[in-house]
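In listed order, ligands and their atoms are each counted from 1. Keep in mind it's a predicted model, so treat the numbers as computed, not measured. Heavy-atom basis, side chains included; hydrogens, waters and symmetry copies ignored.
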Amino acid sequence: EPSDEERLFDELIANEQRIEPRDWMPDAYRRTLVRQISQHAHSEIIGMQPEGNWITRAPSLKRKAILMAKVQDEAGHGLYLYSAAQTLGTTREEMMDQLLSGKAKYSSIFNYPTPTWADMGAIGWLVDGAAICNQVPLCRASYGPYGRAMVRICKEESFHQRQGFEILLTLMQGTDEQRAMAQDAVDRWYWPSLAMFGPPDDQSPNSAQSMQWKIKRFSNDELRQRFVSMLVPQAEILGVTLPDPELRYDEETGRYEMGEIDWDEFFEVLRGNGPCNAERIERRRTAHEEGAWVREAAAEYARKQRSTLVP
Ligand code: FAQ
């Protein structure tokens, strides 16, 4: 027999209404949200590193200003998302500890290296493109603070995707060497960007419950399909080849047939064994330690403000 609180919760979900921080919610719903939102926040913060690698070497002042603004947006997204997770009763310190100790997950995609400038284009086009496909439906997530944070994040991601596309377009209109560099970046980022959507539906333990709670609105495979169908015409405009010889549109099913994603590689990256996992966490740890004085100064400033304001 469900309690009145449970009935109200189920009714709000059924009627497409929002669950707010002070509402009653099942423990498992709260845990799922903390898991997903904190992983998402960590991804934004760790995701600053692959592009941060190119800020000092951007090919022009304009490119540098754009890249700096983009990486700064990612920091902002991380902060909105940590705030949204905090409304569920978890603290920033707990989340930070989990990230720094290597216990928390963050997106697999940020464990790949960025050896060339074209990687900035491929990240914008493919990684932000995948992020948009995945995140637009999250604007309707049943938990209010998460859905509302996603609205602004998605607007900024759209701009990020366009800037990546434009970097690749510029390279593709350049010399043979520049075109080869763009194609090489697309070759390296294509498959990992498909893996961002998570394991296939029949191996995704959280999907069914998250869809029932209207946190997720589409399955991992559905969103992957949507992403590929967005990429194909854009790849044509760019003049790049998507590195999947099996990719073809099936008129009958209305779906794209595609080659098999290397799921062994994906799970290895999740276990911490991707090309850059150790480097990413180490960098974050160092940045956290080097920022200790800033946190102390901010806390002391806040303390002084309070003591002068309170009569
Ligand atoms: N990487 O049962 P499911 C960005 C884990 S975009 C690592 O299907 P779920 C923008 C999953 O957590 C990237 N782990 O799980 C940007 C679960 O493990 P757990 C961030 C992954 O939650 C662009 C297990 O596998 N976006 O940052 C991945 O229903 C450029 C089983 O999977 C988001 O986080 C993966 N790719 O669906 C920034 C979006 N996939 O937790 C900088 C919000 C799955 O049980 C530069 N998140 N796992 O231990 C989501 O939509 C979902 O959490 C999914 C996974 C779709 C990622």
Side-chain angles (χ1 to χ4, degrees), residues 28 31-54 67 69-78 80-81 84-85 98 103-112 114 119-141 143 146-147 149-150 153-154 156-161 163-164 189 191-224 226-227 261 263 265-272 274 277 280:
R31 275 199 305 276
T32 289
L33 283 165
V34 169
R35 175 182 66 78
Q36 178 165 328
I37 301 172
S38 65
Q39 285 177 7
H40 194 166
H42 297 328
S43 304
E44 298 281 357
I45 299 299
I46 296 286
M48 295 167 74
Q49 292 185 38
E51 291 164 295
N53 183 35
W54 278 91
L67 188 60
K70 179 183 193 273
V71 172
Q72 213 162 47
D73 285 351
E74 286 152 10
H77 298 173
Y80 310 149
L81 289 163
Q98 284 171 349
K103 255 200 286 176
K105 286 199 174 74
Y106 58 86
S107 183
S108 50
I109 194 77
F110 302 118
N111 295 304
Y112 292 87
T114 46
D119 291 317
M120 301 303 97
I123 289 182
W125 182 45
L126 297 170
V127 177
D128 288 285
I132 294 167
C133 276
N134 165 267
Q135 291 172 22
V136 165
L138 292 173
C139 296
R140 294 188 292 123
Y143 187 59
Y146 190 31
M150 292 317 304
I153 293 178
C154 284
E156 295 179 348
E157 300 289 20
S158 307
F159 166 73
H160 293 172
Q161 202 240 358
Q163 72 82 42
W189 290 92
W191 290 104
S193 74
L194 291 187
M196 282 175 74
F197 294 91
D201 292 351
D202 57 7
Q203 292 170 54
S204 163
N206 301 300
S207 277
Q209 181 62 78
S210 287
M211 284 172 74
Q212 209 179 338
W213 277 328
K214 299 185 181 170
I215 298 169
K216 283 170 95 159
R217 298 286 179 157
F218 299 98
S219 76
N220 299 355
D221 287 331
E222 281 169 340
L223 291 173
R224 218 178 333 261
R226 189 177 282 203
F227 178 54
I261 294 170
W263 293 112
E265 174 181 315
F266 172 77
F267 288 113
E268 269 307 297
V269 172
L270 260 58
R271 274 192 287 273
N277 294 59
R280 300 288 185 242

- Which is it for V269 and ligand 1 at heavy atoms under 4.0 Å: side chain, backbone, both or neither? neither

- Item | Test item: D201 side-chain N/O and N220 main-chain N/O as donor-acceptor pair under 3.5 Å | yes

- List the closest protein heavy-atom neighbour of atom 49 (O) of ligand 1: residue, atom name, distance to the nearest 0.1 Å. K105 NZ, 2.5 Å

- Note on the structure: The atoms of ligand 1 lying under 4.0 Å from a heavy atom of Y106, numbered in the order shown, are 1 (N), 7 (C)

- Item | Per-atom contacts of ligand 1 with A195, taking only distances under 4.0 Å to non-hydrogen atoms | 36 (N)

- Taking heavy atoms and a distance under 4.0 Å, where does K216 meet ligand 1: side chain, backbone, both or neither? side chain

- Query: If we only count heavy atoms from C-beta on, is the Q135 to E157 side-chain gap below 4.5 Å?
  - Reply: yes

- Ranked by distance from atom 13 (C) of ligand 1, the top protein heavy atom is S107 CB, 3.7 Å

- Query: Can you tell me which residue and heavy atom of the protein come closest to atom 30 (C) of ligand 1, and the distance to 0.1 Å?
  - Reply: D128 OD1, 3.6 Å

- Task: Heavy-atom contacts with M196 under 4.0 Å: which atoms of ligand 1 show up? List them by number with element.
- Result: 6 (S), 13 (C), 36 (N)

- Among G164, S43, P200, S108, the residue with a heavy atom nearest to atom 35 (C) of ligand 1 is S108

- Item | Under 3.5 Å side-chain donor-acceptor pair for Y146 and H40 | yes

- Item | Test item, Y146 contacting ligand 1 (heavy atom, 4.0 angstrom) | yes

- Here the atoms of ligand 1 under 4.0 Å from any heavy atom belonging to G198 are 40 (N), 44 (C)

- Message: Does the residue E51 have a heavy-atom contact with ligand 1, meaning some pair of atoms that are separated by less than 4.0 Å?
- Response: yes

- Item | Per-atom contacts of ligand 1 with V127, taking only distances under 4.0 Å to non-hydrogen atoms | 23 (C), 30 (C)

- Among all protein heavy atoms, pick out the one at the shortest distance from atom 51 (O) of ligand 1; state its residue, atom name and that distance to 0.1 Å. N134 ND2, 3.0 Å

- Note on the structure: Judged by heavy atoms only, the candidate from H40, Q135, E44 nearest atom 6 (S) of ligand 1 is Q135

- Query: Between W189 and D119, does any side-chain donor sit less than 3.5 Å from a side-chain acceptor?
  - Reply: yes

- Determine whether the side chain, the backbone, both or neither of P199 has a heavy atom under 4.0 Å from any heavy atom of ligand 1. side chain

- Looking only at non-hydrogen atoms, the one of I123, I215, D73, N206 nearest atom 45 (O) of ligand 1 is N206

- Just heavy atoms, cut-off under 4.0 Å: does M48 contact ligand 1 by side chain, backbone, both, or neither? neither

- Task: Anything under 30° is parallel, anything over 60° is perpendicular, the rest tilted; go ahead and classify W263 against F266.
- Result: perpendicular

- Query: Nearest to atom 31 (C) of ligand 1, what protein heavy atom do you find, and at what distance?
  - Reply: P205 CD, 3.8 Å

- To which protein heavy atom is atom 46 (C) of ligand 1 closest, and what is the distance rounded to 0.1 Å? E74 OE2, 3.1 Å

- Query: If hydrogens are left out, which of F110, F266, F218 has an atom nearest to atom 21 (C) of ligand 1, that is, the closest non-hydrogen atom?
  - Reply: F266

- Carboxylate-amine/guanidinium proximity below 4.0 Å for K70 and E74: yes

- Message: Heavy-atom distances under 4.0 Å decide this one: backbone, side chain, both or neither, for L270 against ligand 1?
- Response: side chain

- Rounded to the nearest 0.5 angstrom, the CG-CD distance for L81 and Q36 is 10.0 Å

- Message: Give me the nearest non-hydrogen protein atom to atom 41 (O) of ligand 1 as residue plus atom name, then the distance to 0.1 Å.
- Response: Q39 NE2, 2.7 Å

- Working to the nearest 0.5 Å, report the span between CG of N206 and NZ of K216. 7.0 Å

- Heavy atom of the protein closest to atom 8 (O) of ligand 1 (residue, atom name, distance): S204 OG, 2.7 Å

- Would you check if the side chain of W54 reaches a backbone N or O of T114 as a donor-acceptor pair within less than 3.5 Å? yes

- Item | Numbering as shown, the atoms of ligand 1 that approach E157 to under 4.0 Å (heavy-atom distance) | 10 (C)

- Is the NZ or CZ atom of R280 both under 6.0 Å from the centre of the six-membered ring of F110 and within 45° of that ring's axis? no

- Query: Is any side-chain heavy atom of E268 closer than 4.5 Å to a side-chain heavy atom of R271?
  - Reply: yes

- Query: Does the protein put any heavy atom within less than 4.0 Å of atom 54 (C) of ligand 1?
  - Reply: no

- Item | Inter-residue atom distance C133.SG - F227.CZ, 0.5 Å rounding | 6.5 Å

- Item | Any donor-acceptor pair under 3.5 Å from R217 side chain to M211 backbone | no

- Query: Applying a strict 4.0 Å limit to heavy atoms, is Q203 in contact with ligand 1?
  - Reply: no

- Message: Does Q203, at its CD atom, have more than 12 non-hydrogen atoms belonging to other residues, nucleotides or ligands within less than 6.0 Å?
- Response: yes

- Distance, nearest 0.5 Å, that separates CD1 of I132 from NE2 of H160: 9.5 Å

- Backbone, side chain, both or neither: what part of N220 comes under 4.0 angstrom of ligand 1, heavy atoms only? side chain

- Query: Just which atoms of ligand 1 are under 4.0 Å from any heavy atom in F197?
  - Reply: 56 (C)

